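What follows is one structure encoded as structure tokens, with my remarks underneath.
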Amino acid sequence: MVRLIACLGLGAFLGAVVRPTYGDITVFSNARSVGIYFLCMVTMGYAENAREKILTEIFNGYDGKIPPNYDNDTPVKSSVQFYIIGIDSINEATMDFSMSFFVRQRWVDNRLNYTPTLNMSRLELDTKRMSNVWVPDLYFVNEKKADVHHVTVPNKLMHIYPDGLVVYSMRVTAVFSCTMDLQKYPLDDQKCYIVLESYGYSTETLVMRWHPNPVEKADNLQLPQFELQNITDYICDVTYAGVTYTCLKLELFLHRNLGYYIIQVYIPSFLIVILSWVSFWLNVDSTPARISLGLLTVLTMTTQSQGAKASLPRVSYIKAIDIWMSTCLLFVFAALIEFAYVNVLARVDQRKVNSVTSKLNEAKEDEEEKKQNQESWCFTKLEDKERARMLDKISRAIFPAVFLVFNIIYWLVYVFWEPSPAA
């Protein structure tokens, strides 16, 4: 289409600029323009025929089942490049992550050399033609599931250059396994890997190496709970059964954003613990109010603890979130136990009051003895009530102080401590 427009423009331009010295100028110019137009069309048809001829020539006798340089005993050198479209999800429960990306490969196949014609810079193959060309047998070692997109056509690209350079690209969405260390969860950083190997060709036949710019990222690449801080590339050639295979590795360093957990986990549990301390300011005799508050905070803390751990795997080590939720549960449970002890003191006092009253009703001897018994009852009452009130006053200071010390130690340890990597 571009060539057609160029030919029409060239004919119109020459028809307007070049003026004849005789005859009808308009008719002559139009005739010349039509001639130039047909010349361009013939040239375009020749170019299209030349492309078809080149494709026929390079695939005549070409065997896509045999790698290049197979007869020369020299390995094919393939460069690999990633273009990351998006990291869709990172799942701690299944320890994997999903990523959409373009994987691009470049290698030289001398059997595909050709002489370009006119302005031909490369051959762009259709997806049906690509199956005739040999490609490296790259596979992902830690892949759980992968799909090459086929909407609306297979998302593959292959360009062949005159010197035999083959550029091959395809769009893939894959789920990769990622072994995570959750000791500091949710204050943790994770390292996830993408490992590529040749499945069947040893380094004597195929050598894959990273492109000088191994990874490119989309400008709008964002993760909901993580920040992709760094990507490191490695060469990790491996040996199986005495045969060395080419291997490449990408390391993705992921830093977890703490904002979600501060809002959804830490602040609510912090407030529940503070709410449990309200019972220390209630009257010792307010049994229904104090027991309702204590049970409510314990049950709420238990429910929140289970919700925070629901999306985590059942690992055998202790995580940071386990320490926090267990300690908060311990504090609200201790507040409930403190109420139980205070209530016992109040009930003991009540039993003593009832006992003294019963003795007073039975004795009734004289006024002096009655007054002495009443004074004894008042003394006992003051002693037990004061012990209960004193315990509440001590709890008002001890519980917040201990919780503050726990917070200082917790945040200092889990912010600055780095767990040793697993052997």
Side-chain angles (χ1 to χ4, degrees), residues 92 180-190 225 255-284 286-287 289-346 385-421:
E92 293 85 3
M180 302 181 187
D181 186 357
L182 300 174
Q183 294 184 63
K184 291 183 62 178
Y185 176 90
L187 291 87
D188 57 330
D189 298 325
Q190 298 297 336
Q225 292 188 24
H255 173 72
R256 191 185 300 274
N257 296 323
L258 195 58
Y260 170 82
Y261 299 93
I262 291 291
I263 297 173
Q264 299 294 331
V265 177
Y266 286 101
I267 290 180
S269 56
F270 186 86
L271 294 178
I272 293 172
V273 172
I274 295 177
L275 181 63
S276 68
W277 301 339
V278 174
S279 64
F280 303 148
W281 273 264
L282 297 179
N283 195 301
V284 176
S286 303
T287 302
R290 296 188 68 165
I291 195 171
S292 299
L293 184 61
L295 291 176
L296 178 64
T297 53
V298 169
L299 294 175
T300 305
M301 198 67 239
T302 303
T303 303
Q304 189 183 27
S305 177
Q306 293 176 350
K309 302 173 186 177
S311 61
L312 296 177
R314 298 175 181 176
V315 294
S316 58
Y317 50 81
I318 299 176
K319 303 178 288 294
I321 193 69
D322 296 334
I323 297 293
W324 176 266
M325 301 305 292
S326 300
T327 304
C328 290
L329 181 60
L330 179 63
F331 268 91
V332 297
F333 185 74
L336 183 61
I337 295 299
E338 189 271 349
F339 156 71
Y341 182 69
V342 168
N343 184 257
V344 167
L345 290 179
K385 288 292 183 180
E386 285 301 324
R387 286 175 59 189
R389 292 193 182 99
M390 184 59 65
L391 184 58
D392 276 345
K393 290 180 181 179
I394 294 174
S395 299
R396 294 172 190 173
I398 291 297
F399 274 71
V402 175
F403 192 64
L404 177 62
V405 172
F406 162 73
N407 270 271
I408 294 174
I409 296 174
Y410 177 87
W411 292 106
L412 286 177
V413 168
Y414 282 106
V415 168
F416 296 104
W417 170 60
E418 292 296 334
S420 57

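This one's a predicted model, so the numbers in the text were calculated from it and none came from an experiment.
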Heavy-atom closest pair (Ala308 atom, Ser311 atom, distance to 0.1 Å) is O-OG, 4.4 Å

side-chain contact (heavy atoms from CB on, under 4.5 Å) between Val273 and Phe399, intermediate numbers included: CA-CA 10 Å; Val273 172; Phe399 274 71; over 6 Å; no

Applying salt bridge (charged side-chain N to carboxylate O under 4.0 Å, His left out) to Arg290 and Glu338, what does each step give before you reach the verdict? CA-CA 10 Å; Arg290 296 188 68 165; Glu338 189 271 349; 3.3 Å; yes

Heavy-atom closest pair (Ile272 atom, Val332 atom, distance to 0.1 Å) is O-CG1, 4.0 Å

Would you say that Phe339 contacts Thr287 through its side chain, given a criterion of any heavy-atom pair below 4.5 Å between the two side chains? yes

Kindly check if the number of other-residue, nucleotide or ligand heavy atoms within 6.0 Å of CD1 (Ile318) is above 12? no

Quick check: does any side chain N or O of Ser305 sit under 3.5 Å from a backbone N or O of Met301, one acting as donor and the other as acceptor? no

Tell me, do Ile321 and Pro186 make a side-chain contact under 4.5 Å, heavy atoms counted? yes

Heavy-atom pair of closest approach, residues Gly294 and Thr297: O-OG1, 2.8 Å

Given side-chain contact (heavy atoms from CB on, under 4.5 Å), test Tyr410 with Asn407 step by step and report yes or no. CA-CA 5 Å; Tyr410 177 87; Asn407 270 271; 5.6 Å; no

Donor-acceptor pair, distance only, cut-off 3.5 Å: does the side chain of Ser279 make one with the backbone of Ser276? yes

Stepwise side-chain contact (heavy atoms from CB on, under 4.5 Å) test for Trp324 and Tyr414: CA-CA 11 Å; Trp324 176 266; Tyr414 282 106; over 6 Å; no

Is there a salt bridge (charged side-chain N to carboxylate O under 4.0 Å, His left out) between Glu92 and Lys319? Walk through the geometry before answering. CA-CA 13 Å; Glu92 293 85 3; Lys319 303 178 288 294; over 6 Å; no

Show, in sequence, the C-alpha distance, side-chain angles and deciding distance for Tyr185 and Lys309, and conclude whether the side-chain contact (heavy atoms from CB on, under 4.5 Å) test is met. CA-CA 11 Å; Tyr185 176 90; Lys309 302 173 186 177; over 6 Å; no

Which heavy-atom pair separates Asp188 from Leu182 by the least distance, and what is that distance? OD2-CD2, 3.8 Å

Can you tell me if Ser326 uses its side chain to pair, donor with acceptor, with the backbone of Ile323 under 3.5 Å? no

With the side chain counted from C-beta on, respond yes when Lys184 and Glu418 share a heavy-atom pair under 4.5 Å apart, and no when they do not. yes

Just by distance, do the side chain of Gln190 and the backbone of Asp181 share a donor-acceptor pair under 3.5 Å? yes

Relative to the ring of Phe406, is the ring of Phe331 parallel (under 30°), tilted (30 to 60°) or perpendicular (over 60°)? tilted

Given side chains that start at C-beta, do those of Trp277 and Ile274 come closer than 4.5 Å, heavy atoms only? yes

Would you say Val405 and Ile408 make side-chain contact, with heavy atoms under 4.5 Å? no

What residues, two or more places apart in sequence or in another chain, satisfy ring pair (Phe, Tyr, Trp, His ring centres under 6.0 Å) together with Tyr260? none

Over 12 non-hydrogen atoms of neighbours within 6.0 angstrom of CZ in Phe333: no

Report yes if the side chains of Leu187 and Trp411 come closer than 4.5 Å at any heavy-atom pair, otherwise no. yes

Take atom OH in Tyr317; do more than 12 heavy atoms of anything else shown fall under 6.0 Å from it? yes

More than 12 foreign heavy atoms under 6.0 Å from CZ of Phe270: is that the case here? no

